[in-house]
Structures are given as structure tokens and as C-alpha cells.
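Below is one structure; the comments refer to it alone.
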Amino acid sequence: MLRHSVTSSRIRAIGYDPDKRILEIAFHNGEIYQYLDVPERIYKKYISDAVVSKGRFFDGVIKGKFLCRRLA
């Protein structure tokens, strides 16, 4: 999955598979998680410049809201 680098103290990169609706987040600590059944609109907002804090968006909109699996 292609990931886009982001400016964040916690998150290194964000990727999305629109066919499978999987959001992938790579953290600076080396962990990678996939979040399942995430609407594309959430991904688009997440990578937009409108979201100043990627960590706060993750905590408020993604974490605990979608099933996830750890890859690394």
C-alpha cells in the first residue's frame, strides 16, 4: 500500500486502499496498523492540510472507532 509521509510527532505515514477501505498508519516507533472499513472521506480529510494535528485526529476519529490489526 502506498503511504504518504505526514508531519507529526507520532505518525510517520498514512495510506489508504479505497477498494478494501483499509486505512494504514505507520508510527514513528515502527508500529504499523491497519484500520478496517474506513470511509474514504475520513482518509481524505485526515491527509488534508485542514487537519493540523494528525495525532489528535487519530485519537478522536480513528482510534477505538474501527477494527484494527497490527502489522509490525
Side-chain angles (χ1 to χ4, degrees):
M1 179 180 308
L2 178 64
R3 292 187 215 125
H4 301 279
S5 296
V6 295
T7 303
S8 171
S9 61
R10 292 169 53 200
I11 297 166
R12 184 171 38 91
I14 301 167
Y16 187 73
D17 182 331
D19 295 327
K20 296 179 182 177
R21 294 172 45 111
I22 294 174
L23 176 71
E24 191 170 279
I25 301 175
F27 293 86
H28 285 293
N29 67 5
E31 294 177 340
I32 300 170
Y33 287 88
Q34 288 186 336
Y35 294 85
L36 312 179
D37 204 27
V38 177
E40 189 170 7
R41 65 180 169 74
I42 289 179
Y43 164 71
K44 286 182 177 181
K45 183 171 184 178
Y46 197 15
I47 63 166
S48 76
D49 291 336
V51 174
V52 177
S53 174
K54 303 302 184 198
R56 283 191 190 144
F57 188 91
F58 171 74
D59 289 339
V61 178
I62 297 164
K63 185 178 180 181
K65 309 283 191 304
F66 299 96
L67 290 176
C68 73
R69 58 184 171 215
R70 184 177 176 187
L71 298 184

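Numbers for residues simply follow the sequence, beginning at 1. The figures here come from the full heavy-atom set of this structure, side chains too, leaving out hydrogens, waters and symmetry mates.
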Answer yes or no: is there a side-chain heavy-atom contact under 4.5 Å between [X] and [Y]?
| X | Y | value |
| --- | --- | --- |
| K45 | F57 | yes |
| R21 | D37 | yes |
| R10 | D59 | yes |

[X] and [Y]: which non-hydrogen atoms are nearest, and at how many Å?
| X | Y | answer |
| --- | --- | --- |
| S8 | H28 | O-NE2, 2.8 Å |
| Y43 | G15 | CE1-C, 4.0 Å |
| P39 | Y16 | C-OH, 3.4 Å |
| A13 | R3 | CB-CB, 3.8 Å |
| V6 | I11 | CG2-O, 3.5 Å |

Notebook entry, point to check: Which hydrophobic side chains are connected to L2, either touching it within the sub-4.5 Å cutoff or through other members that do?
Noted result: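 Cluster partners of L2: none, it stands alone.
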[X] [atom1] to [Y] [atom2] distance, which is reported to the nearest 0.5 Å:
| X | Y | atom1 | atom2 | value |
| --- | --- | --- | --- | --- |
| M1 | K20 | CE | NZ | 7.5 Å |
| K54 | R12 | NZ | CZ | 15.5 Å |
| E40 | L23 | CD | CG | 11.0 Å |
| I22 | R69 | CD1 | CZ | 4.5 Å |

Notebook entry, point to check: Are Y46 and Y35 grouped together when hydrophobic residues (ILVMFWY) are joined by side-chain heavy atoms under 4.5 angstrom apart?
Noted result: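 Cluster IDs for Y46 and Y35 match.
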Check: With ring centroids as reference points, do F27 and F58 lie under 6.0 angstrom apart?
Finding: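 They qualify: ring centres under 6.0 Å apart.
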Checklist line | Candidates V38, I42, V51 - the one meeting side-chain contact (heavy atoms from CB on, under 4.5 Å) with V61 | finding: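 Output: one option passes, namely I42.
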Check: How would you list, by chain and number, every residue that makes a ring pair (Phe, Tyr, Trp, His ring centres under 6.0 Å) with F66, sequence neighbours excluded?
Finding: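 Scan of F66 (ring pair (Phe, Tyr, Trp, His ring centres under 6.0 Å), adjacent residues dropped) gives none.
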